[in-house]
Number of protein chains: 2
Amino acid sequence: MTKHPTRRDLLDAALRLFARDGYDATSTRAIAAEAETNISSIAYHFGGKEGLRLACADAVAQVIGQVARALPAGPAALDRLAARRILRRLVRRIVTFLTVTPAASGIVGFLLRELAQPDSPVLDRLYDTLVAPRHAALCRLWAAATGAAPDSEDTRLAVFALIGQVAYFRLAAPIVQRRMGWDGYARREARAISRRLIVNLDAMLAAADG
Amino acid sequence: MTKHPTRRDLLDAALRLFARDGYDATSTRAIAAEAETNISSIAYHFGGKEGLRLACADAVAQVIGQVARALPAGPAALDRLAARRILRRLVRRIVTFLTVTPAASGIVGFLLRELAQPDSPVLDRLYDTLVAPRHAALCRLWAAATGAAPDSEDTRLAVFALIGQVAYFRLAAPIVQRRMGWDGYARREARAISRRLIVNLDAMLAAADG
DNA sequence: GTCTATAAACAGATAGAC
DNA sequence: GTCTATCTGTTTATAGAC
């Protein structure tokens, strides 16, 4: 055995299996086998299956944070055109990440499964450190791009709708790919999705101009 | 005990629990308890846990079929305005169903969990009887409303994007409601979501007019 | 740090009384 | 049809050798 089973291997394996099959459907035996180590190493490194789940949540939050780093953090004033440019870049960036990045399937699959579960023990952590600040930043960007109030109900809903149409392509990937006749997501498919979502974004922005 | 435990009770309980916690995380004991009957009645009525899952899939397909019944089945020619009217009605109808119908949470939750699982044994059935024909009908409607080709790649993607932004509000309901400061979805919330999604739909349609 | 072996709880399925 | 009781396999966690 030339390769040492490590903490990192377990984390990668767990993220992949949690995303594909769900937390409960994934046994620690399967994770250990995928990581090519033994079961008890999970308890050693993470304290147990639940600890591994929380570690996955932290890893996911970190990666998503990187992808969304194009978002301006502060409430700096942006003119309309600059804000719209950033929004378009973000949509393209997120679609590319969701489709062609190899680890994206696991990361987003894990995230969406946890978010769909109202009483998930990792939801609080993910919401406070990831969802709330990023969504607020997107709302400020949307407000700058459209002239709407950043805290208005409609602004927040518009941002959720924007996120929703992007996220759906990863969430419902099996049926999307089947219906499109695609074997998976690669560069060409990412471009086709990106193009349509940018059209939609521009249409929503144009509608805001009255 | 005035109420007889029945097949229907088991189906309702299973749908609710499968949607909330996922298939694997739901034990037959929990289903039986929720239905106020005993475990072995699952085997009696459905042959086992997997049979109950398939029965849930059939029930879901039937209800969704009812909600989408406003969709024209045939390839009858529609003028632009009529097609757009139907599209708007559908969006409102689906949002209302997703938010205020009590059973919607269970039905959609179950559906989305199954669709997210590439190798789910019920995916094939749901895809053939529900997803593919409804998506195709929506594509024809979209084509009639915009002048695009009903089978073009972009038309199919546009329809998925449209579905995605609606579905997201049910899928990510926990974070949406937390961020919006909502206690749940009721009439007022459904109207707010509907209003934004109709704005987006009209914007997308307007963009198609060049 | 990594392993084997095992404990204690839990799963789904089923036999058989009524 | 509905129930109790139980079988058989699997789960997570852990004790302890190395």
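Proteins come first, then strands; the chains are lettered A, B, ... in the order of their sequence lines, and each starts at number 1.
Checked against A/Tyr23 for a side-chain hydrogen bond (donor to acceptor under 3.5 Å, both in side chains), the options A/Glu50, A/Glu114, A/Arg53 give a single hit: A/Glu50.
Qualifying side-chain hydrogen bond (donor to acceptor under 3.5 Å, both in side chains) partners for B/Arg113, counting only residues two or more places apart in sequence or in other chains: none. B/Phe110 is linked by a ring pair (Phe, Tyr, Trp, His ring centres under 6.0 Å) to nothing, counting only residues two or more places apart in sequence or in another chain. Applying the side-chain contact (heavy atoms from CB on, under 4.5 Å) rule to A/Arg85 yields the partners A/Ala82; only residues at least two apart in sequence or on another chain are considered.
Distance OG/B/Ser41 to CG/B/Asp9: 9.5 Å, rounded to 0.5 Å.
Pairs passing the salt bridge (Lys or Arg N to Asp or Glu O under 4.0 Å) check and including a residue from residues 183-192 of chain A, sequence neighbours excluded, read A/Arg188-B/Glu153.
Distance, B/Arg8 CZ to D/dG1 C1': 19 Å, rounded to whole Å. Between the C1' atom of C/dC3 and the OH atom of A/Tyr44 lies a distance of 13 Å, rounded to the nearest Å. If you take CZ of A/Phe46 and P of C/dT2, they are 11 Å apart, rounded to a whole angstrom. Between the CG atom of B/Asp9 and the P atom of D/dT2 there is a distance of 9 Å, rounded to whole Å.
In this structure, a donor-acceptor pair under 3.5 Å is absent between the side chains of A/Ser152 and A/Asp154.
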Next item on the list: With salt bridge (Lys or Arg N to Asp or Glu O under 4.0 Å) as the test, would you mind laying out the steps for A/Arg88 and A/Asp202 before giving the verdict?
Entry: CA-CA 8 Å; A/Arg88 286 192 199 92; A/Asp202 284 338; 2.7 Å; yes
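Counting only Watson-Crick and G-U wobble pairs whose two key distances fall under 3.5 Å, DNA chain C forms stems of three or more stacked pairs at C:1-10 with D:9-18, C:12-18 with D:1-7.
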Item checked: Contact letters for nucleotides 11-18 of chain C, in which S counts primed atoms plus P, OP1 and OP2 and B counts the base, heavy atoms under 4.0 Å -> BBSB----
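With C/dG1, C/dC3, D/dT4 as the candidates, the nucleotide lying closest to the side chain of B/Asn38 is D/dT4.
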